[in-house]
Amino acid sequence: MVVPFLGDAVEAEALLARLASLETAPGDELIVADNTPAGIVAPLAAGRANIVEVADARSASHARNAGAGRASGEWLLFIDADCEPPPDLIEAYFRDPVGDRCGIVAGEIEGAPEQSAFLARWARSRRGHWVAHHLSWGPHPAGVTANLLVRRSAFEALDGFRIGGGGDLDLCWRAQEQGWEFAYRPEVVVRHRDRERLAELADQAIAYGGHQRHLRDLHGPGVPSPRPLAPLARSLGGAAVWTFRGRFEQARFKLVDGFWTTLEWWGWLSRGARARKAD
């Protein structure tokens, strides 16, 4: 398992505790690619994971590539540092046989139900299962690096992740274009913590729009461009209807829909230039 990390000591300790709860077999490796300038994970690890220090470039994709380079197994399982994996995550991927030409197996991701903040509730109400959306969104089905199993030989043939944001979709699409098969395992689920602050959500929306633009540059019109007018009309109309009915949370959710749509479109136009958080 390879996990990129960029955060503080408290977040590092929480990640190491989650990794320690995983059920592993002989040969399984838990690798944290520490992307912090100070290299804060290694002093806390205490044998719970192998640490690769990657301070030369602030990039989750770069960190994933570095962590994968340290791994020795046939398969590379990528998750995010803020994911909550079930203890049997590794074993769950292999309960059913994986075909010899299968290069990528995508698990599913859902929001953490214990998050009670308004924006987390909005995200869970809108996204449901994240990966299902990407099965038909682009030129080929794709998974997300918050829960993605990649065959080492396919990863090496593709030279790993070649871009930052959207690198997971790009990797999945390139693998299939080179003849590797893709599998979707919706029963293999990790939980991911959603943004709870409006500024963080704004950065995410702008970044996503920029990622979509970059992916379209690389993969052509099979990557859809944002069409903001109809979603904005639904957002404003829905907010008015729900307010009239006294369903104020649903009305606020509709306004957040419009907020997201507008900033994602801006991210497309600006290529994500205003997003403050680098990948």
Legend entry - Which residues share a ring-ring contact (aromatic ring centres under 6.0 Å, His included) with His214, sequence neighbours left out: none
Inset, instruction - Could you tell me which residues satisfy side chain to side chain contact (heavy atoms under 4.5 Å, CB included) with Thr261, sequence neighbours excluded, listed by chain and number? - result: Pro228, Pro231, Leu232
Legend entry - Pairs flagged by salt bridge (charged side-chain N to carboxylate O under 4.0 Å, His left out) wherever residues 136-148 is involved - sequence neighbours left out: none
Legend entry - Summary of salt bridge (charged side-chain N to carboxylate O under 4.0 Å, His left out) pairs that have at least one residue in residues 4-27, sequence neighbours excluded: Glu13-Arg48
Legend entry - Inter- and intrachain pairs under salt bridge (charged side-chain N to carboxylate O under 4.0 Å, His left out), touching residues 66-89, at least two apart: Arg64-Asp80, Glu74-Arg151, Glu84-Arg193, Asp88-Arg95
Legend entry - side chain to side chain contact (heavy atoms under 4.5 Å, CB included) involving Ala63 - partner list, sequence neighbours excluded: Pro4, Ala33, Asn35
Legend entry - Residue list, ring-ring contact (aromatic ring centres under 6.0 Å, His included) with Phe155, at least two apart or on another chain: Phe78, Phe161
Inset, instruction - Sequence neighbours left out, what passes side chain to side chain donor-acceptor pair (under 3.5 Å) with Trp173? Give chain and number order. - result: none
Legend entry - Sequence-distant partners of Asp96, salt bridge (Lys or Arg N to Asp or Glu O under 4.0 Å), two or more places apart: none
Inset, instruction - Indicate whether any N or O donor in one side chain lies under 3.5 Å from an N or O acceptor in the other, for His192 and Asn147. - result: no
Inset, instruction - Please collect all ring pair (Phe, Tyr, Trp, His ring centres under 6.0 Å) contacts where either partner lies in residues 220-246, sequence neighbours excluded, each pair once. - result: none
Inset, instruction - Calculate, to the nearest 0.5 Å, the distance between atoms CG and CG belonging to Leu169 and Leu215 respectively. - result: 5.5 Å
Legend entry - Single hit among Arg126, Arg252, Arg234 for side chain to side chain donor-acceptor pair (under 3.5 Å) with Asp257: Arg126
Inset, instruction - Check whether any side-chain N or O of Thr36 sits under 3.5 Å from a backbone N or O of Leu6 as a donor-acceptor pair, and report yes or no. - result: no
Inset, instruction - Compare every heavy atom of Pro141 with every heavy atom of Cys172, then report the nearest pair and how far apart it is. - result: CB-O, 4.0 Å
Inset, instruction - Write out all pairs satisfying salt bridge (charged side-chain N to carboxylate O under 4.0 Å, His left out) with one or both partners inside residues 156-168, taking only residues at least two apart or from two chains. - result: Arg152-Glu156, Arg162-Asp170
Legend entry - For Phe248, all residues meeting side chain to side chain contact (heavy atoms under 4.5 Å, CB included), sequence neighbours excluded: Thr243
